[in-house]
Number of protein chains: 2
Amino acid sequence: MDKPTGSSTRERIKEAARRIFVQRGMAGTRMQEIADAAGINKAMLHYYFRSKEQLFELIFMEAIQEMFPKIEKELMADRPIREKLYAFMKAYITQLRKHPYIPLFVLHEMNSGGPQFLEKIQKLEAAEHGRSPKQVLGRLFREMRKAQKEGELPPYPIRHLWTNIIALCVFPFLAKPMLQLLLKMDNRAFDAFLDERIELASTFLNMALTNTKHQ
Amino acid sequence: MDKPTGSSTRERIKEAARRIFVQRGMAGTRMQEIADAAGINKAMLHYYFRSKEQLFELIFMEAIQEMFPKIEKELMADRPIREKLYAFMKAYITQLRKHPYIPLFVLHEMNSGGPQFLEKIQKLEAAEHGRSPKQVLGRLFREMRKAQKEGELPPYPIRHLWTNIIALCVFPFLAKPMLQLLLKMDNRAFDAFLDERIELASTFLNMALTNTKHQ
DNA sequence: GTCTATAATTTGATAGAC
DNA sequence: GTCTATCAAATTATAGAC
């Protein structure tokens, strides 16, 4: 609705589109609503971006990059594996805190969009510069296996351990409405809850990895 | 109660609708696609269910009940708290295994549907017979607090502990496409992965709750 | 670049024959 | 109960003036 004078029309559209797409999904989004939110006319959307699909793809690809965040720094650091995992979790949750609706959006679209859609993501990933998430993960997994042999990590399947780590970070952002309902939290309380998790998620992993080497 | 021909068609429609709605969401679903999947005409959908919205609401409410599953039995049992939690996780994952797409569907609709939508859910919950999920959870939380005082559980915030438990169970079902991409699993491998989690999710909780009483 | 007006298409819903 | 044909509304996209 408002027109911040500092930002370009194109950028205002993108911001509005991100907000609406992320909340309602591709299918649930109306171009009119984006136009209203951007404070411009519907025709302008097609002037700057050819079609709804093209605008969506732009927003979605940027969202994907929010999902695989700047974790590289934490995961490539030269530190003991467990410290590294704790640091990653804190950094990841802090990152998600800034874009809390991205995970559900990405997962829903990855799920409801066809296999054709998934191919597009893989192609993007392959074309990426620098280290891809898959590469970073491959290296991390090798390090974790080594740590297991040396008794630094318990003999728990790596893929499941990693899944657990991501689950502890991401799940509260996916399940916000359900958690608010069941745990009786208003928006204010839920914000505080998410802040607490920055520490408590990695604390839980620490509990699981401590004193279990002997199992 | 049963009209052989009538209820058969009605049931076929419901099955088709469930499949399509759950995959594409309310907004992404076309009545035509449901009709095709059910092998009948579009007009029949409106004959048996007044509107798309009404058909959706039926499917969604049944899905909600799949999300809050028959956990009551496990959680109300008279057993040590930790055993009870492990049994719950196994039962819950086994349950989710039968309806793997329900969680993402429910969470997406809870998120994209307005607050008006959430009220409807609360009303349904309140009108429920027997013990509601909230009641079961309230009782469980009291038991967990008591167990903490007695040193049976570590002094970790209950709401976060419960969130972690649900996260470990549900997350793989929410993130299937992402996990398949990152961990390079085809559908067959992912099925095996989910089967493994029936044990490994509760194993992880066990690791976290063991040898941490003294903290 | 931005707008108004309108075309073109999709889609939920209904009417009416059988 | 089931179908065909069709309507009415919503929605994406474009044309053309300024």
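The chains referred to below are lettered A, B, ... by the order of the sequence lines, with proteins before strands, and numbering in each begins at 1. Predicted model only: the values in this text are computed from it and were never measured.
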Trainee: Does C:dT2 have OP1 or OP2 sitting under 4.0 Å from an N or O in the side chain of A:Thr9?
Mentor: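 Affirmative; the distance criterion is met.
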Trainee: Walk along nucleotides 8-15 of chain D from 5' to 3' and tag each nucleotide B, S or - by protein heavy-atom contact under 4.0 Å, base first, then sugar-phosphate.
Mentor: ---SBBB-
Trainee: Without decimals, in angstroms, what is the distance between B:Leu45 CG and C:dT11 P?
Mentor: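 Nearest whole value for this atom pair: 14 Å.
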Trainee: In whole Å, what is the span from the CZ atom of B:Arg24 to the P atom of C:dT10?
Mentor: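 Spelled out: CZ on B:Arg24 to P on C:dT10 is 16 Å.
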Trainee: Could you give the CD1-to-C1' distance, from B:Ile34 to C:dT11, as a whole number of Å?
Mentor: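 Rounded to the whole Å, the gap is 12 Å.
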Trainee: Apply side-chain hydrogen bond (donor to acceptor under 3.5 Å, both in side chains) to B:Glu15 and list each qualifying residue two or more places apart in sequence or on a separate chain.
Mentor: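 side-chain hydrogen bond (donor to acceptor under 3.5 Å, both in side chains) check on B:Glu15 returns nothing, list empty.
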Trainee: Show every salt bridge (Lys or Arg N to Asp or Glu O under 4.0 Å) that has at least one partner inside residues 173-188 of chain B, sequence neighbours left out.
Mentor: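 Qualifying pairs: none.
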Trainee: Just the rounded figure in Å: distance from P of D:dC3 to CG of B:Asp36.
Mentor: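 After rounding, the gap between these two atoms is 12 Å.
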Trainee: Verify the neighbour count for atom OH of B:Tyr101: are there more than 12 heavy atoms of other residues, nucleotides or ligands below 6.0 Å?
Mentor: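 Counting neighbours around OH of B:Tyr101, 12 or fewer heavy atoms of other residues, nucleotides or ligands fall under 6.0 Å, so no.
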Trainee: Taking OP1 and OP2 of C:dT14, is either one under 4.0 Å from a side-chain nitrogen or oxygen of B:Tyr47?
Mentor: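 Looking at the OP1 and OP2 atoms of C:dT14, neither is under 4.0 Å from any side-chain N or O of B:Tyr47.
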Trainee: Under the rule for side-chain hydrogen bond (donor to acceptor under 3.5 Å, both in side chains), what residues qualify as partners of B:Glu196, not counting sequence neighbours?
Mentor: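 So B:Glu196 forms a side-chain hydrogen bond (donor to acceptor under 3.5 Å, both in side chains) with A:His160.
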Trainee: Using the side-chain hydrogen bond (donor to acceptor under 3.5 Å, both in side chains) criterion, which residues pair with B:Gln32? Sequence neighbours excluded.
Mentor: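 Applying side-chain hydrogen bond (donor to acceptor under 3.5 Å, both in side chains) to B:Gln32 gives B:Asp36.
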Trainee: Between A:Arg12 (CZ) and C:dG1 (P), how many Å, whole number?
Mentor: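 Going from CZ in A:Arg12 over to P in C:dG1 covers 13 Å.
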Trainee: Whole Å only: how far is the CZ atom of B:Phe49 from the C1' atom of C:dT14?
Mentor: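 To the nearest whole Å, that distance equals 18 Å.
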Trainee: Tell me which pairs pass salt bridge (Lys or Arg N to Asp or Glu O under 4.0 Å) where either residue lies in residues 96-121 of chain B, with sequence neighbours left out.
Mentor: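 Qualifying pairs: B:Glu57-B:Lys120, B:Arg97-B:Asp191, B:Arg97-B:Asp195.
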